[in-house]
**Student:** 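Once you've had a glance at the structure underneath, I'll fire off some questions.
Here the structure is a predicted model, which is why all the values come from computation and not from measurement. Worth knowing before you read on, the calculation uses all heavy atoms, side chains too, and leaves out hydrogens, waters and symmetry mates.
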Amino acid sequence: MAEVLVHVDHVDGAVRKPTLELLTLARRLGEPVAVALGSGAADTAAILADHGAVKVLTHDASEYAEYLVVPKVDALQAAVEAVSPAAVLVPSSAEGKEIAARLALRIGSGIITDAVDLEAGDEGPVATQSVFAASFTTKSRVSQGAPVITVKPNSVTVEAAPAADAVEDLAVTFSARATGTKVTARTPRESTGRPELTEAAIVVSGGRGVNGAENFAIIEALADSLGAAVGASRAAVDAGWYPHTNQVGQTGKSVSPQLYIANGISGAIQHRAGMQTSKTIVAVNKDAEAPIFELVDYGVVGDLFDVVPQLTDEIKTRKG
């Protein structure tokens with residue numbers, strides 16, 4: 001069976017959920033071979049094997065922390081040359097897409113970004129994408145070389161599939177370009193205690209209808225009751241009510257959670273482009289004609305200042 005390379009997204013050995021999703025998808029295409037790089041790479045082996053990796057290729061070097069992107073591209077290129085994979089899967093983060101693009105160019109292959117599903121085809125992997133602000137769904141495949149595919153978080157449910165815990169050292173020779181861009185400082189992101197927006201299974205967002213930064217406490221309370229991430233529309237961000245890092249939309253972040261709750265958001269195409277692939281969409285808006293109601297699974301016509309606190313209380317009661 002053909003092998004499929006999976007780039008491991010981890011922090012000091014703690015594997016992030018999108019990587020486990022990639023392993024689930026990789027098993028549809030062949031035998032997953034994980035590539036873990038940097039500090040703690042060897043510590044990822046157990047959980048990767050639990051989720052189907054038949055082999056884990058590891059390499060640790062200071063270059064991965066000291067320089068941007070290129071050292072990881074060098075390592076993945078070395079892995080491609082060692083394995084000759086049927087495909088290379090990479091998490092669809094900002095860094096992941098840059099790595100994928102550079103790798104595809106290096107190995108002379110085509111690239112597909114932001115896939116939301118993968119399936120095996122007679123002529124290679126077939127990727128499903130949501131395009132044109134999620135107005136259309138397309139299926140495509142790479143016609144040249146080993147496909148390099150980035151996959152959006154929450155595209156598939158993680159499934160455990162224990163495999164042999166085989167760990168091998170990956171031989172990597174860094175190119176001259178690897179040290180071209182040096183990291184001069186790092187500032188840890190302040191922790192809110194909530195999930196990362198693009199990876200969260202539940203996202204609760206607020207828009208223009210929240211009517212002020214101080215009122216986002218209502219949105220945060222609902223999110224916290226559900227263990228969810230907090231999002232915001234462009235209107236709310238532009239008004240200075242919530243940080244730009246939490247913006248959902250075409251010029252913000254794209255999310256695809258199991259549940260998306262939009263509060264006081266009209267549903268402009270810019271916002272829909274960032275959340276339309278959510279599995280279940282709920283909207284609360286006092287305007288019965290708001291465009292958001294065209295795509296929701298459940299809609300509540302009402303004032304969010306009445307509806308959201310009641311919903312939060314009900315969730316706490318049921319959980320209590």
**Student:** Mind checking what makes ring pair (Phe, Tyr, Trp, His ring centres under 6.0 Å) contact with Y64, not counting sequence neighbours?
**Tutor:** H59, F174
**Student:** Can you check whether G108's main-chain N or O pairs, donor with acceptor, with Q144's side chain at less than 3.5 Å?
**Tutor:** yes
**Student:** Where the side chain of T181 meets the backbone of L68, is there a donor-acceptor pair that is under 3.5 Å apart?
**Tutor:** no
**Student:** Let me see the working for K253 and E196 under salt bridge (charged side-chain N to carboxylate O under 4.0 Å, His left out), right down to the final yes or no.
**Tutor:** CA-CA 11 Å; K253 294 180 177 179; E196 163 62 30; 3.6 Å; yes
**Student:** Could you go step by step and tell me if M275 and L295 meet the side chain to side chain contact (heavy atoms under 4.5 Å, CB included) rule?
**Tutor:** CA-CA 10 Å; M275 46 67 72; L295 73 153; 4.3 Å; yes
**Student:** Decide side chain to side chain contact (heavy atoms under 4.5 Å, CB included) for K72 and E98; before the verdict, give the C-alpha distance in whole Å, the side-chain angles of both, and the deciding distance to 0.1 Å.
**Tutor:** CA-CA 10 Å; K72 294 180 180 179; E98 183 174 356; over 6 Å; no
**Student:** Mark yes or no for whether N263, through its side chain, and G206, through its backbone, hold a donor-acceptor pair below 3.5 Å.
**Tutor:** no
**Student:** Output, in order, the C-alpha distance, side-chain angles, deciding distance and verdict of salt bridge (charged side-chain N to carboxylate O under 4.0 Å, His left out) for K97 and D114.
**Tutor:** CA-CA 9 Å; K97 284 187 276 192; D114 289 336; 3.4 Å; yes
**Student:** Checking R27 side chain against E159 main chain: does a donor-acceptor pair fall under 3.5 Å?
**Tutor:** yes
**Student:** Following the transitive rule for hydrophobic clusters with a side-chain heavy-atom cut-off under 4.5 Å over Ile, Leu, Val, Met, Phe, Trp and Tyr, establish whether L304 and V301 coincide in one cluster.
**Tutor:** no
**Student:** Nearest 0.5 Å, please: how far is CD in Q129 from CD1 in I112?
**Tutor:** 5.5 Å
**Student:** Just wondering, more than 12 heavy atoms not from K17 lying within 6.0 Å of its NZ?
**Tutor:** yes
**Student:** Tell me, please, which residues at least two apart from K279 pass salt bridge (charged side-chain N to carboxylate O under 4.0 Å, His left out).
**Tutor:** none
**Student:** Is there a path of hydrophobic side-chain contacts, each under 4.5 Å between heavy atoms, that joins L222 and I218?
**Tutor:** yes
**Student:** Test side chain to side chain contact (heavy atoms under 4.5 Å, CB included) on D224 and R194; report intermediate values, then the result.
**Tutor:** CA-CA 8 Å; D224 292 342; R194 302 187 183 99; 2.7 Å; yes
**Student:** Does D238 have more than 12 heavy atoms from other residues, nucleotides or ligands lying within 6.0 Å of its CG?
**Tutor:** yes
**Student:** Could you state the interatomic distance from CG (L37) to NE2 (H7), rounded to the nearest 0.5 Å?
**Tutor:** 6.0 Å
**Student:** Salt bridge or not between E31 and K55? Use side-chain N to carboxylate O under 4.0 Å.
**Tutor:** no
**Student:** Are side-chain N/O atoms of Q77 and R106 paired as donor and acceptor at under 3.5 Å?
**Tutor:** yes
**Student:** Any sub-3.5 Å donor-acceptor pair from T19's side-chain atoms to D9's backbone N or O?
**Tutor:** yes
**Student:** Backbone N or O of G40 within a donor-acceptor pair of the T44 side chain at under 3.5 Å?
**Tutor:** no
**Student:** Hey, any chance V255 and V116 share a hydrophobic cluster, counting ILVMFWY side chains that come within less than 4.5 Å of each other, even indirectly?
**Tutor:** no
**Student:** Enter the distance from L118:CG to T24:OG1 here, rounded to the nearest 0.5 Å.
**Tutor:** 11.5 Å
**Student:** I'd like to know whether V308 forms a side chain to side chain contact (heavy atoms under 4.5 Å, CB included) with I261, so could you lay out the CA-CA distance, the side-chain angles of the two residues, the decisive distance to 0.1 Å, and finally the verdict.
**Tutor:** CA-CA 10 Å; V308 173; I261 305 178; over 6 Å; no
**Student:** If you draw a 6.0 Å radius around CZ in R28, do more than 12 non-hydrogen atoms from other residues or ligands fall strictly inside?
**Tutor:** yes
**Student:** Regarding E21 and S155, is there a side-chain donor-to-acceptor distance under 3.5 Å anywhere?
**Tutor:** no
**Student:** Under a single-linkage definition using a 4.5 Å side-chain heavy-atom cutoff for Ile, Leu, Val, Met, Phe, Trp and Tyr, are V54 and V88 assigned to the same hydrophobic cluster?
**Tutor:** yes
**Student:** Does N154 reach the main-chain N or O of A200 with its side chain, forming a donor-acceptor pair under 3.5 Å?
**Tutor:** yes
**Student:** Side-chain donor-acceptor pair under 3.5 Å between D74 and S175, yes or no?
**Tutor:** yes
**Student:** Tell me whether the count of non-hydrogen atoms from other residues, nucleotides or ligands lying under 6.0 Å of CD in E289 goes above 12.
**Tutor:** no
**Student:** Test of understanding: clusters of I, L, V, M, F, W, Y form through side-chain heavy atoms closer than 4.5 Å, transitively. Do L226 and V203 belong to the same one?
**Tutor:** no
**Student:** Using modelled atom types only, decide if a donor and an acceptor are shared between the side chain of T113 and the backbone of T150 within a distance under 3.5 Å.
**Tutor:** no
**Student:** Keeping R234 on the side-chain end and Q250 on the backbone end, is there a donor-acceptor pair under 3.5 Å?
**Tutor:** no
**Student:** Without swapping roles, check the side chain of Q310 against the backbone of D306 for a donor-acceptor pair under 3.5 Å.
**Tutor:** yes
